[in-house]
Colleague: 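Before I ask anything, here is the structure I am working with.
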Amino acid sequence: MKILVTGSAGYIGSVVCELLIEQGHSVVGLDNFGNGHQQASIPGTMTYNANVNDEEQLDSIFTNHEPEAVIHLAAKSLVGESVTNPSKYYGANVVESLALLQKMTEYGVTKIVFSSSAAVYGEPEKTPITEKQAPNPINPYGETKRAFEEILKWYEHAYGLRYIALRYFNAAGATSLFGEHHTPETHLIPIILDVALQQDRPMKIFGDDYETPDGTCIRDYVHVIDIANAHIDALRSLEKKPSGIYNIGNGIGFSNREIYETAKQITGQNIPLQITPRRDGDPAILVASNDKAGNDLGWNAKHSELAEIIQSAWDWKKKFPHGYE
Ligand code: UDP
């Protein structure tokens, strides 16, 4: 299948492209390199350097490459920034993304896999979180993801667009080629590994007074390879099954302290630790139920043992100590 991947040079996009190509699909990428990296594409893959609302470039892509489906990952994704600058988030994640849907409709492309987020849930009502929990985002980032899910629903109703929205939990890990590199980096695992390698500062854990067994927050880490494969399973599902929304998580939670301890073991480094006050907006526990994705998409997390996730991220870190810089 020929697939347009937006956000193709980002963390998840790069691995989605890698696996699509490995599994015999053909890919055309679209990235504005705001968060993406030139080095995060498979050599020889055609990547358009443009926004998802660049009509001229979209016309060129849909005319010259005739993709049968779109995997839409391009987005702004910093929660904190979304709170201080919601306009940027509604602009990129909703308004610009609408232009992509418009072009899909114009060119008769009827299948889309959309990168949504656990952030649509807000504070969980119970754990593990199922897709039945009503969305209640607590920041603009989550709101924009939720808004786009709703837009997809109405586009299906009006224009027959078929969609699968994947609500990722905590993406982590790397392939031998592509890994996690954000500027600024705010995520737990890449920060711990950077501290392990550079030994230039303490690792800060934000709060140890949560209502969890060791007092630190619990999250559901899912290997980026498993996340990427979920998109491919979703495309397959769209061939004959209905549209839908799915959690993509491991189904098991690990506390920040467990992540820290495992990282110490795997890296063999002494990682200086400092416990600091809580970070605003962090729920104590976020763990997915992944039953629905298992039942409907045939997806399950095959690489999401914590040790495999951290080992793969550490191998990538040692190979690329400064990421893509
Ligand atoms: N965290 C931390 N120190 C850091 C970065 C993150 O203690 O330097 C914690 C954060 O407060 C949360 C967990 O690690 O409890 C996962 O955070 P991350 O930003 O990786 O993902 P999120 O769950 O916020 O999407």
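If you're wondering where the values come from, they're calculated on a predicted model, not measured in any experiment. Note that the numbering runs from 1 along the sequence shown for the chain. Start at 1 and go down the list; that is how both ligands and their atoms are numbered.
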Colleague: Sequence neighbours left out, what passes ring-ring contact (aromatic ring centres under 6.0 Å, His included) with Y155? Give chain and number order.
Modeller: Y159

Colleague: Give the other cluster members for F254, using side-chain heavy-atom distances under 4.5 Å between Ile, Leu, Val, Met, Phe, Trp and Tyr residues; answer none if it is isolated.
Modeller: L188, I189, I191, I192, L193, V195, L197, M203, I205, Y221, I252, I259, Y260, I266, I271, L273, I275, L306, I309, I310, W314

Colleague: I need the full list of ring pair (Phe, Tyr, Trp, His ring centres under 6.0 Å) pairs touching residues 129-150, with sequence neighbours left out, sorted by first then second residue.
Modeller: H72-F148, F114-F148

Colleague: I'd like to know whether R278 forms a salt bridge (Lys or Arg N to Asp or Glu O under 4.0 Å) with D209, so could you lay out the CA-CA distance, the side-chain angles of the two residues, the decisive distance to 0.1 Å, and finally the verdict.
Modeller: CA-CA 8 Å; R278 293 179 176 198; D209 56 352; 3.0 Å; yes

Colleague: Between E149 and R167, does any side-chain N to carboxylate O distance fall below 4.0 Å?
Modeller: yes

Colleague: Who are the residue neighbours of ligand 1 when the rule is a heavy atom under 4.0 Å from any of its atoms?
Modeller: N170, T186, H187, L188, I191, M203, K204, I205, F206, C217, R219, Y221, N256, R279, D282

Colleague: Under the 6.0 Å and 45° cation-pi test, does K292 pair with Y246?
Modeller: yes

